[in-house]
Amino acid sequence: MDFLPIFMNVKGRLCLVVGGGEVAKRKAGVLLEAGAKVRVVAPEIDSSLSEQAGVMSIVACFDVQHLEGVMLVIAATNDRSVNEQVSRLAHECNIPVNVVDDPELCSFIMPAIMDRSPLMVAFSSGGASPVLTRMMRGKLESLIPQNFSRLAAFAERFREQVKQRVTNPAKRRIFWENALDGVVAEKVLTGDETSAESMLQQMLADEDNIVRGEVYLVGAGPGDPDLLTFRALRLMQKADVVVYDNLVSKPIVDMTRRDAERIYVGKKRADHTLRQEEINALLVRLAHEGKRVLRLKGGDPFIFGRGGEEIETLAAENIPFQVVPGITAASGVASYAGIPLTHRDYAQSCMFVTGHLKDGTMNLDWDALARPRQTVVVYMGLQGLDTLCAKLIEHGMLDATPIAIVQQGTTQNQRVVTGTLSTLPGIAALEKLHAPTLIIIGGVVTLREKLQWFHPHHD
Ligand code: SAH
């Protein structure tokens, strides 16, 4: 360790900044934020700095007398000899000194910070590589939600109460771990402190009972792991058990917590591995065992995902759950295939329908689908493609209407096949497409010619 990391209390204390320009202003800003009184000394001081509340400026060249009564010093001038003088005198007086961008002259360095006050993370490479330090901060910034501050404030609010109720320190630590890493935390992070508080009170009341499980119903997007949300990723790394089906791509399943149990409940059109009722029952059973259950679904759980049915059962059983939206196939696939779903010249609206055949027929509102100037996206439509095209033509759609089928969209294996309502069924048969495929119908499909090259997986 090259430096001792400490957080210093400067509230109401006098700190000195030598320099009157941009850099000095930035440093003074940090000191002010930490509650310090700031003396600024320089022959010329920018008015935006001198006029700040809490700043006392002295227009003069730096002199040893300016160190009087000061608890720490930052030298931020562009004159090395002045910086050296500040450093030397401060060292002589035993006042901690930082010289901006000059580690040799410093007795302390200022870290990069991630501020989730009262939670604060400081980063330093000891001057070895500021860029690396900033990269590290960037990584953590994306991992730790912005409103983590709220969580810390929330914990502080109940600290005393919990301390009195849960007197055993080891138990108290576990209590807080469960609260701050579970459904209470999620509620706080999404801004619903009222529910969070009642859950916390419930946990306190139940303290002597067993831990309660919970379920995260998470949309994993259409395939490319880059399309996961931060929240999905966070919950994926927290779950004790993962229940997923075949729409969730392997790279995504691999991103769930390493030691989590994984249960495949693949659903293919005909050979349902587990029936929906069995999946519902499985989720309930696992949650009752006290586990954090991740129900990972392709796309968005509330779009042709039967997510509604799964949470109905959970609600009926009083199991806490949350739903995390995902990028639905229509949105992800269209974008990676270079097909905007709406466009002022082609389509003012967009419909998502399922082409899933029931008893060999497709029960859709054909007149509504055949209307001009709209895009129709068909999920689960490959089996019924012939019927789909024939019906649309029968209900007045032009047989030259462009149509695209995208197989395994957004993944490395994405394939796009295009044609018209009259030609596509034949083309699709020749191409031997297989699920999952998404069908997009409408004038917007022609835009693909122009736009596909800008997308990562063009083919
Ligand atoms: N909840 C999911 C849809 C589930 S229904 C969502 O919001 O996306 C399953 C259908 O979604 C598939 O039959 C297919 O039509 C479509 N689908 C899902 N992922 C896809 C992908 N990567 N490429 C093409 N179609 C996809």
Side-chain angles (χ1 to χ4, degrees), residues 216-229 231-232 243-253 264-276 279 294-311 323-339 341 350-358 362 364 369 375-385 387-389 403-418 424 428 431-441 445 448 452 455-459:
Y216 318 129
L217 181 59
V218 173
D224 184 347
D226 268 11
L227 297 179
L228 284 171
T229 61
R231 184 142 156 234
V243 178
Y244 67 102
D245 39 58
N246 57 318
L247 266 185
V248 181
S249 68
K250 177 153 190 320
I252 289 180
V253 176
Y264 174 70
V265 290
K267 279 199 291 183
K268 290 208 179 108
R269 267 190 67 268
D271 58 280
H272 287 197
T273 308
L274 273 188
R275 290 205 332 274
Q276 187 64 48
I279 296 178
L294 175 76
R295 173 67 175 116
L296 201 54
K297 298 179 85 80
D300 183 282
F302 279 0
I303 297 182
F304 305 125
R306 304 189 74 171
E309 297 163 45
E310 293 180 9
I311 57 177
V323 183
V324 180
I327 293 185
T328 189
S331 171
V333 166
S335 137
Y336 279 49
I339 303 172
L341 291 177
C350 176
M351 266 194 192
F352 296 175
V353 298
T354 166
H356 188 57
L357 298 171
K358 238 186 185 170
M362 224 183 281
L364 293 171
L369 294 186
T375 305
V376 176
V377 179
V378 187
Y379 287 70
M380 298 173 274
L382 186 61
Q383 292 281 324
L385 182 65
T387 318
L388 180 74
C389 293
I403 165 167
I405 299 194
V406 185
Q407 175 183 309
Q408 288 176 285
T410 80
T411 71
Q412 298 294 339
N413 306 319
Q414 169 170 304
R415 283 177 68 198
V416 183
V417 176
T418 53
L424 196 74
E431 295 281 344
K432 297 202 181 356
L433 295 174
H434 60 78
T437 58
L438 195 79
I439 304 175
I440 304 176
I441 306 163
V445 170
R448 172 174 155 72
Q452 63 171 323
H455 274 280
H457 293 293
H458 60 75
D459 47 357

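In what follows, residues are counted from 1 in the order of the sequence shown. Atoms within a ligand are numbered from 1 in the order they appear, just like the ligands themselves.
A heavy-atom separation below 4.0 Å is not found between T410 and ligand 1. Put simply, no part of K297 is less than 4.0 Å from ligand 1, judged by heavy atoms.
Inclusion of D300 in the set of residues having an N or O under 3.5 Å from an N or O of ligand 1 is warranted.
The protein non-hydrogen atom at the shortest distance from atom 7 (O) of ligand 1 is T328 OG1, 2.6 Å. In this structure, atom 9 (C) of ligand 1 lies nearest to the protein heavy atom L247 CD1, 3.4 Å. Shortest contact from atom 10 (C) of ligand 1 to any protein heavy atom: M380 CG, 3.7 Å.
Remark: I327 engages P222, L227, S331 in a side chain to side chain contact (heavy atoms under 4.5 Å, CB included) (not counting sequence neighbours). Remark: K432 engages no residue in a salt bridge (charged side-chain N to carboxylate O under 4.0 Å, His left out) (not counting sequence neighbours).
Atoms of ligand 1 lying under 4.0 Å from at least one heavy atom of I303, given by number and element, are 1 (N), 2 (C), 3 (C), 6 (C), 7 (O). Near V406, the atoms of ligand 1 lying under 4.0 angstrom from a non-hydrogen atom of the residue are 24 (C).
Among A329, G298, G223, the residue whose heavy atom lies closest to atom 26 (C) of ligand 1 is A329.
The backbone of T437, and not its side chain, has at least one atom closer than 4.0 Å to an atom of ligand 1 (non-hydrogen atoms only; backbone = N, CA, C, O). Only the side chain of V333 comes within 4.0 Å of ligand 1, counting heavy atoms alone; its backbone N, CA, C and O stay farther away.
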